[in-house]
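Atoms within a ligand are numbered from 1 in the order they appear, just like the ligands themselves. Values below: every heavy atom of this structure, side chains too, minus hydrogens, waters and symmetry copies. For this chain, numbers begin at 1 and follow the sequence in order.
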Amino acid sequence: MAGVTGRLVRGWCPRAVRRLSLLLTSILQCLSFTFLPVAKFTQPFRNHFGNHCWERRNLFCPSSSLQVPAQLHMSKTAMGASQKDFESAMNQVKLLEKDPGNEVKLKLYALYKQATEGPCSTPKPGVFDLINKAKWDAWNALGNLPKETARQNYVDLVSGLSSSSDSSSQVKPEADREQAGYETLVMTSEDGITKIMLNRPTKMNALTTQMYQEIMLALEAASKDDSTITVLTGNGSYFSSGNDLTNFTHISPDEIEEKARRGAILLRDFVGCFIDFPKPLVAAVNGPAVGISVTILRLFDLVYASDRATFHTPFSHLGQTPEGCSSYTFPKLMGPGKAAEMLIFGKKLTAAEACAQGLVTEVFPDSTFQKEVWTRLKAYSKLPRNALRISKQMIRNHEKEKLHATNAEESRILQERWLSDECMNAIMNFLSRKAKM
Ligand SMILES: CCCC/C=C/CC(=O)SCCNC(=O)CCNC(=O)[C@H](O)C(C)(C)COP(=O)(O)OP(=O)(O)OC[C@H]1O[C@@H](n2cnc3c(N)ncnc32)[C@H](O)[C@@H]1OP(=O)(O)O
């Protein structure tokens, strides 16, 4: 090595030669790091792996609890990723057949160190110690990420890698195959895109209890399938007219409190699925959106809207209060004044106005909406799947705890509002068609 370098730099002063020699040695080490076979790539990191006690908290996998909404809450608060989960994640890494690349290896290393030792406090390696510097940089970049989050992210990262290399255990969407089992949705997968389409066009895609549950199940399935992007859209002229107001009817007086309690759990679990959804999530807002179908948009990564779409949150008119984390996300996004106009006073925004406020990413003419949106998404779906997923999580992780706390608080307050005279009268008015919002 020194000989090669020596020949390359013949004529240079000996100190410069030594420096360059060191540099080239490091670069060659780096390259061998890049091309190490997968079975070996964990070797440099194995010293850091030991037996540790891990709490189970699967942030990116809302799924485990989807069957019964009450269990969903449990999974976020009480259950834990065991030592077994973590050990199994470490074993999975060793068994990967495809090299996930240096970036992911560094991320695994950094998460491991953060999870076991906390924030990086070791001295920064010298500039020529390229490998150790790269590892230090990766660890240091995690800043004050809590140990618990780092541990969970490690398990999630490995789970993402395993599912991409072991496709036999996945739901395999065939071209445009319609997935059975949904009554209120149409779920299809094609070109790396899973589409969840709300399918009650004659009721403006108003969301019934069954629909909330089916959407949660569909998101659960989409989070695990081999698609790259998940899209929510509506069938017919509306994206969605929000909560189906008949959800509040046919209740006897002695059931009403229990119904409100269950409604609050359903709301919290439903919104929680969007907060935790692990892949890029896109809303294709094909027409007007009302209530909860507007507020959750801030939890999507992209919101494409037809110029026919409008955005309306008539909560006060209904004696209700904001949900979908909008009491936090909207003021943050558009400032408290604009948020107040929408959330307190029920001002309806056009697509262009919503785009100007940052709620919508881009507006398309209605006549070309479908063509333009799907062409764009098909191109995006060809990007590296794991990179998209990890980047999304990096962007979203900062706010997750705040979003879950907001969601819980909004659901608690709404549970009370649903029992109020203001709310009951407003719903009765709608149902008797005295008032259209
Ligand atoms: C458990 C979780 C709780 C989460 C809480 C969320 C809060 C919210 O989402 S608040 C928002 C609630 N939504 C509304 O207030 C919208 C109410 N609907 C309307 O104002 C109008 O229907 C419309 C402006 C959306 C459309 O008006 P248009 O004149 O064009 O059509 P309609 O004849 O009114 O509607 C056709 C058909 O669909 C029924 N329908 C539409 N939206 C709803 C809805 N949200 N709940 C129940 N039913 C709805 C409407 O009654 C019509 O049905 P019929 O043909 O049988 O009369």
Side-chain angles (χ1 to χ4, degrees), residues 69-70 72-73 184 198-216 232 234-251 255-275 285-299 308-327 330 342-350 406-420 422-437:
L72 240 173
H73 178 56
T184 62
L198 309 175
N199 194 29
R200 288 184 81 216
T202 57
K203 301 286 182 185
M204 312 310 186
N205 297 320
L207 300 166
T208 58
T209 302
Q210 180 187 6
M211 226 159 156
Y212 287 114
Q213 278 160 352
E214 289 194 357
I215 293 169
M216 289 195 282
L232 183 73
N235 186 17
S237 60
Y238 262 67
F239 177 59
S240 167
S241 62
N243 191 38
D244 188 309
L245 297 172
T246 65
N247 286 341
F248 295 109
T249 56
H250 311 299
I251 312 169
E255 283 176 340
I256 200 154
E257 287 198 9
E258 176 57 16
K259 186 93 179 173
R261 194 186 68 80
R262 289 211 304 266
I265 293 173
L266 178 63
L267 172 62
R268 188 196 57 210
D269 291 345
F270 177 74
V271 174
C273 285
F274 287 90
I275 298 173
V285 185
N286 52 298
V290 186
I292 193 165
S293 74
V294 175
T295 53
I296 55 167
L297 291 177
R298 194 65 191 107
L299 305 175
R308 209 174 46 75
T310 52
F311 300 82
H312 190 199
T313 47
F315 298 129
S316 303
H317 299 70
L318 292 164
Q320 298 187 29
T321 45
E323 27 62 351
C325 298
S326 58
S327 61
F330 279 33
M342 281 192 84
L343 298 177
I344 305 180
F345 299 106
K347 183 182 176 189
K348 191 192 285 184
L349 299 194
T350 63
T406 305
N407 182 26
E409 181 66 354
E410 288 176 348
S411 303
R412 189 189 63 73
I413 292 172
L414 261 176
Q415 178 178 343
E416 288 167 14
R417 290 312 305 163
W418 289 327
L419 300 174
S420 70
E422 286 179 345
C423 178
M424 287 184 198
N425 290 338
I427 290 167
M428 292 318 291
N429 275 348
F430 169 75
L431 295 175
S432 60
R433 294 299 188 277
K434 281 191 213 147
K436 281 272 166 73
M437 302 303 160

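Listed by number with element, the atoms of ligand 1 under 4.0 Å from a non-hydrogen atom of T202 are 36 (C), 37 (C), 38 (O). Proximity to W418 (heavy-atom distance under 4.0 Å) selects the following atoms of ligand 1: 3 (C). Ligand 1 places these atoms under 4.0 Å from at least one heavy atom of A206: 43 (C), 44 (C), 45 (N), 46 (N). Within ligand 1, counting atoms from 1 as listed, the ones closer than 4.0 Å to a heavy atom of G242 are 9 (O). Interface of L318 with ligand 1, defined as ligand atoms under 4.0 Å from a residue heavy atom, comprises 10 (S), 11 (C), 12 (C), 15 (O). Near Y212, the atoms of ligand 1 lying under 4.0 angstrom from a non-hydrogen atom of the residue are 1 (C), 2 (C), 3 (C), 4 (C). Listed by number with element, the atoms of ligand 1 under 4.0 Å from a non-hydrogen atom of G263 are 1 (C).
Checked by atom type and distance alone, the side chain of R298 never pairs as donor or acceptor with a backbone atom of C325 at under 3.5 Å. Side-chain atoms of D244 never come within 3.5 Å of backbone atoms of T209 as a donor-acceptor pair (strictly under, hydrogens ignored). Formation of a donor-acceptor pair under 3.5 Å by the Q415 side chain with backbone atoms of A264 is not found in this model. Proximity of a side-chain donor or acceptor of N286 to a complementary backbone N or O of G234 within less than 3.5 Å is detected. Of the possible polar contacts, one joining the N205 side chain to the R200 backbone as a donor-acceptor pair under 3.5 Å is found. Judged by distance alone, with hydrogens and angles left aside, the side-chain atoms of N407 form no donor-acceptor pair with the main-chain N or O of G324 at under 3.5 Å.
Under a 4.0 Å heavy-atom criterion, L414 is not in contact with ligand 1.
Ligand 1 has no N or O atom lying under 3.5 Å from any N or O atom of Y238, backbone or side chain. Checking only distances, M204 never comes within under 3.5 Å of ligand 1, N or O to N or O. The distance criterion of under 3.5 Å between nitrogen or oxygen atoms is met by S241 with respect to ligand 1. When only interatomic distances are considered, the shortest N/O to N/O separation between K203 and ligand 1 falls below 3.5 Å. Of the polar atoms of L266, none of the N or O atoms is found under 3.5 Å from an N or O of ligand 1, judged by distance alone.
Contact annotation for Q320 and ligand 1: only side-chain heavy atoms (C-beta onward) come within less than 4.0 Å of the ligand. Here F270 has no heavy atoms under 4.0 Å from ligand 1, in either its backbone or its side chain.
Of the listed residues (L343, I292, I344, T321), just one forms a side chain to side chain contact (heavy atoms under 4.5 Å, CB included) with F315, and that residue is L343.
Note on R261 versus E257: no salt bridge recorded, every NZ/NE/NH1/NH2 to OD/OE distance being 4.0 Å or above.
Aromatic ring pairs are classed by plane angle as parallel below 30°, tilted from 30° to 60° and perpendicular above 60°; the pair H312 and H317 is perpendicular.
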Practice item. Just do the salt bridge (Lys or Arg N to Asp or Glu O under 4.0 Å) check on E422 and R417 with the steps written out, would you? Key: CA-CA 8 Å; E422 286 179 345; R417 290 312 305 163; 2.3 Å; yes
